[in-house]
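Reminder, nothing fancy here: chain letters follow the sequence lines and each chain counts from 1. For clarity, every value in this text was computed on a predicted model and none was experimentally measured.
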2 protein chains.
Amino acid sequence: MMKLNFSECARSVSNSATREILKVTEQPEIISFAGGLPAPELFPVAGIKAACEAVLDEAGEQALQYSTTEGYLPLREAIAERMRTLGIVTTPEHLLVLTGSQQGLDLTGKLFLDKGDVVICESPTYLAAINAFKAYSPRFVEVPMDDGGMRMDELELALQANPNAKFIYTIPDFQNPTGRTMKLERRKKLVELANQYNIVILEDNPYGAIRFVGKDLPPVKHFDTEGRVIYLSTFSKIFAPGLRLGWICADESILNKYVAFKQATDLHTDSFAQRVTAKYMELFDLEEHIQKIKGVYRARREKMMECIDAFFPKQLKHSAPEGGLFIWVELPEEINVQNLFKKCLDNKVAFVPGDSFFPNDAKINAFRLNYSNMSEEKIVEGMKRIGNVLNETLMLV
Amino acid sequence: MMKLNFSECARSVSNSATREILKVTEQPEIISFAGGLPAPELFPVAGIKAACEAVLDEAGEQALQYSTTEGYLPLREAIAERMRTLGIVTTPEHLLVLTGSQQGLDLTGKLFLDKGDVVICESPTYLAAINAFKAYSPRFVEVPMDDGGMRMDELELALQANPNAKFIYTIPDFQNPTGRTMKLERRKKLVELANQYNIVILEDNPYGAIRFVGKDLPPVKHFDTEGRVIYLSTFSKIFAPGLRLGWICADESILNKYVAFKQATDLHTDSFAQRVTAKYMELFDLEEHIQKIKGVYRARREKMMECIDAFFPKQLKHSAPEGGLFIWVELPEEINVQNLFKKCLDNKVAFVPGDSFFPNDAKINAFRLNYSNMSEEKIVEGMKRIGNVLNETLMLV
């Protein structure tokens with residue numbers, strides 16, 4: 001048998017523990033709050049079918065042919081229009097359609113990171129962003145959060161200690177995994193600090209449109225004065241994740257590099273999926289569809305919060321998300337979250353242990369709950385089961 | 001304005017000259033033999049429409065939801081079945097569905113290349129493979145070709161001179177850009193040499209199914225005895241490139257790394273496109289569709305070869321492809337191919353100057369012609385125009 005001679009970063013890659021966890025939780029008998037999946041029963045299947053038919057009837061050949069790396073112009077126009085309503089004035093020239101926003105994370109790593117370069121991120125942060133950046137062998141500097149998001153005093157210390165850090169990665173709205181939202185004044189301060197320390201901000205905003213409590217806050221990019229905020233978003237949470245459609249919005253000098261690297265990575269994003277999505281937005285009201293999603297997720301989030309009150313030990317702290325998909329539950333130090341997870345699996349209920357969300361060592365003992373993908377009935381039953389395991393475990397401590 | 005602080009490889013990336021060329025050639029008044037596009041009038045639009053409807057009716061929610069990184073199992077089963085008919089015995093466990101085979105080139109770079117590592121490739125070779133690998137800052141060692149493909153005596157010299165080279169990149173069937181096919185005995189010898197020098201082979205086979213002269217040859221992977229051949233292919237040339245569907249076939253120890261890196265890169269390939277393609281293969285006969293493509297491309301290739309004989313100066317050498325999409329035309333040293341290209345553009349006809357296909361300095365003065373994307377009428381008119389420019393240019397030399 002041959003000796004394999006991989007690259008340095010490939011030698012260090014193993015199948016992630018979380019990936020293996022998620023496979024187990026996919027068994028149908030398990031009530032899973034583990035994944036970050038949207039509710040499939042809300043997908044606009046009939047509308048997408050109509051859009052497919054229209055696209056194939058009107059422009060079948062173009063929809064199935066190679067197309068430009070930048071993306072389908074009418075789709076970029078529709079995205080620019082949506083972004084303007086969110087507080088970012090932009091044009092199609094500043095937008096690149098991606099194969100899901102995950103691709104934006106990978107390309108950002110490729111664009112900015114040499115081995116050992118510093119990425120500053122929230123602590124904890126999105127698991128798949130950690131994995132995307134890790135392929136470029138950076139060093140992660142984690143900035144503590146509180147209920148108002150990334151702490152700006154701690155960020156400034158991190159910037160002082162790492163003057164050559166390459167970018168600040170943040171999920172300001174309904175963060176994954178904590179569900180927390182960055183306060184308005186911190187968004188302004190974040191841009192000020194980035195200007196002061198000459199660093200790029202990567203704003204990852206997959207959930208921002210799914211707010212059901214309180215008022216929308218302007219994205220960090222809204223406050224960008226020097227073209228240093230790179231904004232990343234996706235159709236996955238507001239439309240259909242299976243189509244793998246995301247986008248990046250950035251200054252032209254930066255976007256041109258993304259286009260060149262995207263071309264070398266997969267030439268362009270699925271032409272058909274782009275046209276179908278643009279056609280759907282032409283034929284139907286995407287905003288109306290998002291309102292429907294919000295209504296269902298709001299009810300599921302309320303139900304899960306009620307269940308925490310009803311079934312979980314009183315001493316546990318947890319986040320109270322104003323939108324998005326996740327609640328973060330903190331555990332007493334004495335509880336081993338992996339053992340807790342195994343006991344819950346024995347009871348046919350799952351979540352994601354918190355340690356996966358820390359790029360270095362886990363700093364907080366916690367777990368992440370998802371409420372978007374389970375019915376209210378299953379939420380009640382599943383939360384009861386976790387509550388029982390938690391109460392038993394705490395009695396034994 | 002901010003100072004940008006990109007990664008080393010991003011600093012060296014500029015918008016490729018060829019990319020700019022291809023933009024010019026997209027103008028509708030130009031007869032373009034430049035791109036590598038399939039004939040869109042052959043896309044099975046009605047069949048794909050029927051497949052879309054069936055998928056959305058039968059499994060709309062699953063088709064629009066996140067799915068596994070490995071790819072949709074029935075599609076992998078259909079691919080395994082196709083690969084068996086080509087001489088590669090495999091199973092879905094050894095297959096990973098990609099966002100186009102271009103993604104396989106990028107992931108191979110990520111998996112094997114650290115800065116300065118050696119990639120051995122044919123000279124010339126596929127432009128977008130050069131760009132994909134370049135993102136990992138390797139050194140390219142080019143192996144000369146003749147009409148029988150990569151020369152094995154030259155390959156052995158390259159292996160001796162570069163004992164730590166990471167992989168050999170080859171396009172054995174109807175190579176891009178030359179249209180040449182690697183001889184049977186060289187395929188065997190290639191695997192023998194790879195075994196002897198302990199190196200991985202990346203076999204890129206986008207065109208193999210499109211043979212219209214002579215008999216199919218077994219893929220290099222057919223001769224693989226030690227699991228060191230990584231096989232890459234795509235639906236782009238036999239079905240529809242816009243859907244961005246490719247695949248990789250490799251030993252499990254290698255494939256697992258591709259899966260982990262693919263997940264970090266874009267999570268998974270478009271679920272809907274995968275199901276639509278699998279459904280099409282269930283409802284219709286893909287082999288029959290490929291026969292139709294072959295018939296049309298054969299006629300276009302014949303027409304282009306006739307035009308070379310009729311309109312081009314007699315002293316020019318050119319390849320005689322047995323399949324695929326391209327003819328390679330070699331020029332006398334005295335002709336500047338970029339000037340020739342500009343004159344042709346002035347005459348509203350385009351090709352790709354050969355220098356783009358050499359990762360180091362161009363070693364052969366040549367250009368690439370594509371015949372799949374233009375009607376026979378346009379082929380005659382366009383080749384006449386190039387012939388006129390060539391004859392004029394040669395008279396001036």
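- Looking only at distances, no side-chain donor or acceptor of K110(B) sits under 3.5 Å from a matching main-chain atom of A135(A).
- Ranked by heavy-atom pairs under 4.5 Å with chain A, the first of T68(B), L56(B), T269(B), V55(B) is L56(B).
- Heavy-atom distances place the side chain of Y136(A), and not its backbone, under 4.5 Å from chain B.
- Heavy atoms closer than 4.5 Å to chain A are found nowhere in T225(B), neither backbone nor side chain.
- With a 4.5 Å cut-off on non-hydrogen atoms, L105(A) does not touch chain B at all.
- Within the model, atoms OG1 of T99(B) and CZ of R244(A) stand 8.5 Å from one another, a figure rounded to the nearest 0.5 Å.
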Mind running side-chain contact (heavy atoms from CB on, under 4.5 Å) on V45(A) and L64(B) for me, showing each step along the way? CA-CA 8 Å; V45(A) 178; L64(B) 299 170; 4.0 Å; yes

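- For the pair D114(A) (side chain) and E8(B) (backbone), a donor-acceptor distance under 3.5 Å is present.
- Scanning all heavy atoms of the two residues, the minimum distance from A264(A) to A132(B) falls at O-CB, 3.5 Å.
- Ranked by heavy-atom pairs under 4.5 Å with chain B, the list L113(A), N195(A), I130(A) is led by L113(A).
- The most heavy-atom pairs under 4.5 Å with chain A, out of I48(B), N164(B), L245(B), L98(B), come from I48(B).
- In this structure, CZ on F167(A) lies 11.5 Å from CG on N5(B), to the nearest 0.5 angstrom.
- With chain A as partner, the option from A63(B), P38(B), S67(B) having the largest number of non-hydrogen pairs under 4.5 angstrom is P38(B).
- Contacts between E41(B) and chain A at a heavy-atom distance below 4.5 Å involve backbone atoms as well as side-chain atoms.
- Atom OG1 of residue T265(A) and atom CG of residue L107(B) lie 8.5 Å apart, to the nearest 0.5 angstrom.
- Comparing G36(A), A46(A), P241(A) by heavy-atom pairs within less than 4.5 Å of chain B, the highest count is held by P241(A).
- Of all non-hydrogen atoms in N373(B) and Q65(A), the two that sit nearest each other are ND2-NE2, 4.0 Å.
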Could you go step by step and tell me if E53(A) and E53(B) meet the side-chain contact (heavy atoms from CB on, under 4.5 Å) rule? CA-CA 8 Å; E53(A) 284 180 21; E53(B) 283 180 22; 3.3 Å; yes

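- Contact annotation for F261(B): only side-chain heavy atoms (C-beta onward) come within less than 4.5 Å of a heavy atom of chain A.
- In this structure, D117(A) and S7(B) have side chains that are not in contact, with every pair of non-hydrogen atoms separated by 4.5 Å or more.
- Contacts between F43(A) and chain B at a heavy-atom distance below 4.5 Å involve the side chain alone, from C-beta outward.
- Within the 4.5 angstrom heavy-atom criterion, no atom of S101(A) approaches chain B.
- Of the atoms belonging to C9(A), heavy atoms from both backbone and side chain fall under 4.5 Å from chain B.
- Listed here is the closest heavy atom pair of F272(A) and L243(B): CB-CD2, 3.7 Å.
- Here the side chain of Q103(B) pairs no donor or acceptor atom with the backbone of L267(A) at under 3.5 angstrom.
- The two atoms that bring S236(A) and Y66(B) nearest to each other are CB-OH, 3.4 Å, heavy atoms only.
- The two residues K49(B) and D57(A) come nearest to each other via the heavy atoms NZ-OD1, 2.8 Å.
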